[in-house]
Amino acid sequence: MASRSLPFGRALPALLVVAHVCSATAARADEPSFAPSPPSPPSPPSPPSPTTRSHGDWYGGQTLALDAAVLGLAGGGVGVLASDTPKGVQLGLGLPMLMTGLMAYTLASPILHWVHGHPVDPRSDPTMKNAAYARVAGLFLGLGVALFGGIAVAGGIGDRPPSQAPNPAATVFPISSIALGLTIPIVLDLALWTFEPKPQN
C-alpha cells in the first residue's frame, strides 16, 4: 500500500502549483486594465445650420430696369407733347407714348412679381396687390398734387395780367410732385416686395 501511494504523494505538490498558477491568472484577468484606451476617431463636423430668412433673393434690379423703361417712354411722350411739332404728331405720338408709359408703370411691377412666383390671390400673398395699389396711388396722388398745387402756386387761373412773367414755381412744383408720386412706390417696392417668395417647407 505504501509503495502505491508514493506517486500520488509526489504529484500532489505539482497539482497544488498548477492550481495556484491558474487561480492567479484568473485573478489577474478579473482585475481592471489600466492601459490607455486608443483615442476615438474625431466626429465629423456638423453641417452649418441654414439661416432662417423670411423671404428669398432680391430681384430689384429687374424692377428698376422696367421702371426706367416705362418712365422713359412716358417722359418721351411728355417731350413730344411739349415740343413745337404739329398738333397731329403731338396727339398721335406723344399722347399714346405718355398713356402707355403710365399704364405700364402701374402694371409692370405686379406682372414681374407674378413671373417670380408670387400668387395672384392676395389672401395667400399680398405682394402683387400691394405693388399695384402703391403704383396707382402714387400716380394719382402725384398728378393730383401737381394739378391743384400748381394752380395754387401759380396764383390761380386768370389772376395774372398777360404782361406779368409766370411764376417759375408753377412749373417746378407740378414736375416735382409727379416725380415724387412716381418715386415713392418704386422705393417701397424695392424695399418690401421685390423678393422671391419663401420656399414652402
- Task: Please confirm whether the backbone N or O of Ser83 pairs with a side-chain atom of Gln90, one donor and one acceptor, at under 3.5 Å?
- Result: yes
- Message: I'd like to know if Val115 and Leu66 are part of one continuous hydrophobic network [Ile/Leu/Val/Met/Phe/Trp/Tyr, side-chain heavy atoms within less than 4.5 Å].
- Response: no
- Treat each ILVMFWY residue as a node, draw an edge where side-chain heavy atoms are under 4.5 Å apart, and state whether Val78 and Leu95 are in one component. yes
- State whether the side chain of Thr106 and the backbone N or O of Met103 hold a donor-acceptor pair below 3.5 Å, judged by distance alone. yes
- If a pair satisfies salt bridge (charged side-chain N to carboxylate O under 4.0 Å, His left out) and one of its residues is in residues 118-146, list it, with sequence neighbours excluded. Asp67-Arg135, Asp121-Arg123, Arg135-Asp189
- Task: Output yes when a side-chain donor or acceptor of Trp193 lies under 3.5 Å from a complementary backbone atom of Pro110, and no otherwise.
- Result: no
- Walk me through it: do Ile184 and Leu188 pass the test side-chain contact (heavy atoms from CB on, under 4.5 Å)? CA-CA 6 Å; Ile184 291 177; Leu188 292 175; 4.2 Å; yes
- Task: Flag the pair Leu73 / Thr100 as yes when at least one side-chain heavy-atom distance between them is below 4.5 Å, and no otherwise.
- Result: yes
- Got a sec, which pairs hit salt bridge (charged side-chain N to carboxylate O under 4.0 Å, His left out) with one end in residues 95-107, sequence neighbours left out? none
- Message: Quick one, Leu192 with Asn130, criterion side-chain contact (heavy atoms from CB on, under 4.5 Å). Give me CA distance, side-chain angles, the key distance, then yes/no.
- Response: CA-CA 10 Å; Leu192 301 177; Asn130 292 339; over 6 Å; no
- Message: Other residues, nucleotides and ligands only: do more than 12 of their heavy atoms fall within 6.0 Å of CH2 on Trp58?
- Response: yes
- Query: Where does the angle between the aromatic ring planes of His118 and Tyr59 fall among parallel (under 30°), tilted (30 to 60°) and perpendicular (over 60°)?
  - Reply: tilted
- Query: Would you say Tyr105's side chain and Val136's backbone share a donor-acceptor pair under 3.5 angstrom?
  - Reply: no
- Looking only at heavy atoms, the pair that brings Gly92 and Pro96 closest together is O-CG, 3.3 Å
- Message: In this structure, would Met99 and Leu71 fall into the same cluster of hydrophobic residues linked by side-chain contacts under 4.5 Å?
- Response: yes
- Note on the structure: CG (Leu112) and CG (Leu107) are apart, to the nearest 0.5 Å, by 12.5 Å
- Task: Find out if a path of hydrophobic residues (ILVMFWY) with successive side-chain heavy-atom gaps under 4.5 Å connects Tyr133 to Leu182.
- Result: no
- Looking only at heavy atoms, the pair that brings Pro185 and Ala134 closest together is CG-O, 3.1 Å
- Spacing of CG belonging to Leu141 relative to CD1 belonging to Ile178, to within rounding of 0.5 Å: 11.0 Å
- Task: Check the hydrophobic clustering (I, L, V, M, F, W, Y; side-chain heavy atoms under 4.5 Å; chains of links allowed) and say if Leu98 and Val70 are grouped together.
- Result: yes
- What do the steps show when you test Phe195 against Asp57 for side-chain contact (heavy atoms from CB on, under 4.5 Å), and what is the final call? CA-CA 5 Å; Phe195 295 93; Asp57 296 331; over 6 Å; no
- Query: Going through the checks in order, is the side-chain contact (heavy atoms from CB on, under 4.5 Å) test met by Thr194 and His113?
  - Reply: CA-CA 7 Å; Thr194 52; His113 294 317; 3.6 Å; yes
